[in-house]
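Before any comments, here is the structure.
Residue numbering restarts at 1 for every chain, and letters A, B, ... go by the order of the sequence lines.
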Amino acid sequence: MRNTARPPGDGAHRQALTGWGRTAPTRAFVAHPAETAELAIAMNDHGPRGVIPRGLGRSYGDAAQNAGGNVVCTDRLVGRCELDPVSGRAWVSAGISLGKVIDQVLPRGWFPAVVPGTQYVSIGGAIASDVHGKNHHRDGSFCGHVTAIELVTGLGTQLTLTSNGTESEAFWATAGGMGLTGVITAAQLQLRPVQTAHVRVETTRTNDLADSMDVLNEADATAQYTVAWVDLLRRGRGRGRGIVTAGAHALPEELGATSEAGLKVPPNRRLASVPSVPMRAGVLHPKAMALFNDVYFRRAPARPTTTFAPIWGYFFPLDVVGHWNRLYGRAGMLQYQFVIPDHATDQLIPMVDRLMADGIPIYLAVLKRLRDVPGPLGFPISGWTLAIDIPVAVTNLGPALDRLDAHVAECGGRIYLAKDSRMRADLVPVMYPRLDEWRAVRDRLDPEKVMQSDLDRRLSLVARSSGYKGLLNA
Amino acid sequence: MRDALGRIQSVLLIGGSSEIGLAIVRGLPRIDGASVCLAGPDRPEMEQIATALGTEGFGAVRVLDFDACAPTDPKGFVANAFATEHDVVIVATGYLGDQATASQDPDMALRLIDINFRGLVPALVEIGQRLKTQGHGTLVVMSTVAGERPRVANYTYGAAKAGLDAFTRGLAASIDHAGVQVLVVRPGFVRTRMTAHLAPVPFSTSPDKVAEAVTAALGGASKTIWVPGILRWVMRLLRALPESIFRRLPA
Ligand SMILES: Cc1cc2nc3c(=O)[nH]c(=O)nc-3n(C[C@H](O)[C@H](O)[C@H](O)COP(=O)(O)OP(=O)(O)OC[C@H]3O[C@@H](n4cnc5c(N)ncnc54)[C@H](O)[C@@H]3O)c2cc1C
Ligand SMILES: NC(=O)c1ccc[n+]([C@@H]2O[C@H](COP(=O)([O-])OP(=O)(O)OC[C@H]3O[C@@H](n4cnc5c(N)ncnc54)[C@H](OP(=O)(O)O)[C@@H]3O)[C@@H](O)[C@H]2O)c1
């Protein structure tokens, strides 16, 4: 009976789930439908706690959890990956990972138009978070390259949504809609033509945060893919020094290869995997991480240098270590990702300084420029985004991040819902001023409010009479 | 929902004026603006408390009537209390009474059983169902070491608490697979208004210590905790003593 969720009431098969940060586990009835008919059963089978889809669980918080309700895993919705080699359009099942899609399409000269920092996200998850990649400054987010979505709504209705057809409102409510408009079963992607499986990478070292921002800005003007890794464990003058990488798909002649040989998919290896041993404190420590950062920084050439990297290592550097989230130990970790608009650029450094003064150890920090996306619940706006990884077992982390939330909101910025695991509900409408517009479309698709998740309940995304009101009515 | 930092959004306190209960509510890690629902017999007192909580960073504070002696509509009461879902529910209703009276007056004996056990059962049944449905949350029930072995000084109270304790552990076994934590708290002597007229005994503690112990156990694997922790072993020893020796111990 792997295919259907148990009706709530039969307690035996509830499963504890968390996001990538491994915090705040809750239990749900988990179904693994393999086809649309089984999905319909799992959807109809819901109790008062409703249903949420789950892809590969790479959102950091509780977006793909549903305490007491049903969770529909898409790990068996993987049947379709049909590429039209002429147009570069591909119909892909929602449960397939981006890595698997790359395996299929790259040898034929195509590559996903946008990829996030890991290959282990499902197509459904990439759409539901409308993920951004290193080319966001040029090409926008994932859903800008999705031409159609097949969706099963909370009513069990199957819809085909296109980005500019009659159902474009529903399309853009689903893009970035965190699974709350229904279950995506498949999508048509417009892929990008490439000639090799390698990336030409220009690497530049930067001196501090301001320099990192400048170099990144310059790189954005000419390069297709850019990102800055910055060291925020380092204090004093060099804080925020880092490495800016600017990339472009390599051409065969640059590699000295024929175009066919250039498209041979390089091995996609995991060098190691962190075992599942219960570790209370984790093995990462700020001092050790600071040392690691130092080595990592020094390993990069002091002068700007051009190299060629296989796509896996370039786009998904963290994927070489499986389950790296376990390194943070039992308490888990969180990622705080925010964006602030261009007019508030001068606030970025004070924000970082404040966190450092609060003693918050930032183990990993990535800086990137974004631009607006069409969806009402989409995260990217034109401005700067910083994503920082922090172990949760840090004293005063709550108040420090709460202050940062307020600062971000004040600047007209926002927190990325796919990463959130702790923000305050009453800031959501401030950060996402189009929330009500999204709710109206969502309610039309799912008037019975079948679609529910822990994230949704924690942040009152779907309007409910019983929802948490936070400080709003205080 | 509790967040990644274990902070709660909403708490329900039955025994809405209880010193220990309020210490627990105040000690819980909470998100700014977390809501509170207080339920008890003394509305004016709870309303004063609600005002105070409002100034301490809590958001909405609601007050509900709940009298463990008077027959109520437990379904309606719990449905009302769960108009918003709760991350933590604390049951801190209790009445120590006077054993000398209870030993002679059947009405008083029953009153102790009602407030400390019988009157709480219907609410606990409903709360258990609610928590099971919502699939998350912690139920904290105030028991006592006095329920572990009856003594002349407070056996009626102790018997009622023993019933409550056993009921709660059974409830735990029936719903904890659903992702609900049920925590039985067995303090020794806690210095509150309930015990103000008594001389303190060894291992006496404060409401804040009870609150700390509850917060530490929140979300973990604990099912029963003693406060202070050493009482777990002291009680184990006391339970093992032959009755003839146990009775000769100082009251
Ligand atoms: C190492 C790492 C690097 C990352 N880098 C980036 C990055 O560069 N840019 C970026 O934008 N994000 C990034 N992310 C975040 C990640 O891309 C998103 O959280 C993504 O949504 C995860 O996809 P998933 O399949 O794991 O979905 P899950 O985590 O399982 O679910 C995420 C959300 O999608 C919904 N969902 C999943 N499947 C479906 C479906 N079939 N239909 C409808 N809704 C569905 C869920 O309900 C949930 O709300 C990164 C995450 C990690 C761990
Ligand atoms: N203090 C100790 O030494 C100690 C030790 C072990 C266990 N405990 C237990 O801890 C809990 C809290 O005790 P406390 O020390 O905080 O004492 P408390 O302040 O007197 O709290 C007792 C609570 O029970 C309520 N209550 C009394 N009669 C009630 C009734 N008929 N219906 C509904 N509620 C009623 C009281 O409300 P009103 O104020 O309106 O009467 C009060 O809110 C109790 O369960 C107690 O048994 C206490």
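Among residues 385-396 of chain A, the residues having any heavy atom closer than 4.5 Å to a heavy atom of chain B are, in sequence order, A:Val392.
With salt bridges taken as basic N to acidic carboxylate O contacts below 4.0 Å, none links B:Arg30 and B:Asp87.
Ring orientation note: the planes of A:Tyr60 and A:Trp324 are tilted relative to one another, at an angle of 30° to 60°.
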task = For side-chain contact (heavy atoms from CB on, under 4.5 Å), just list the numbers for B:Leu139 and B:Leu124, CA-CA rounded to whole Å, side-chain angles, deciding distance to a tenth of an Å, and then say yes or no.
result = CA-CA 9 Å; B:Leu139 170 63; B:Leu124 280 171; 4.1 Å; yes
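Using modelled atom types and a 3.5 Å distance limit, the side chains of B:Arg169 and B:Thr224 yield no donor-acceptor pair. Side chains of A:Arg457 and A:Gln452: a donor on one and an acceptor on the other come within 3.5 Å. Defined by atom type and a distance below 3.5 Å, a donor-acceptor pair is missing between the side-chain atoms of B:Gln134 and B:His86.
Counting heavy atoms from C-beta outward, A:Tyr336 and A:Arg422 have side chains that approach closer than 4.5 Å.
Heavy atoms closer than 4.5 Å to chain B are found nowhere in A:Met333, neither backbone nor side chain. B:Arg2 touches chain A through its backbone: at least one of N, CA, C or O sits under 4.5 Å from a heavy atom, while the side chain does not.
When the candidates A:Asp420, A:Leu455, A:Asp402, A:Leu401 are compared by the number of heavy-atom contacts under 4.5 Å with chain B, A:Asp402 comes out ahead.
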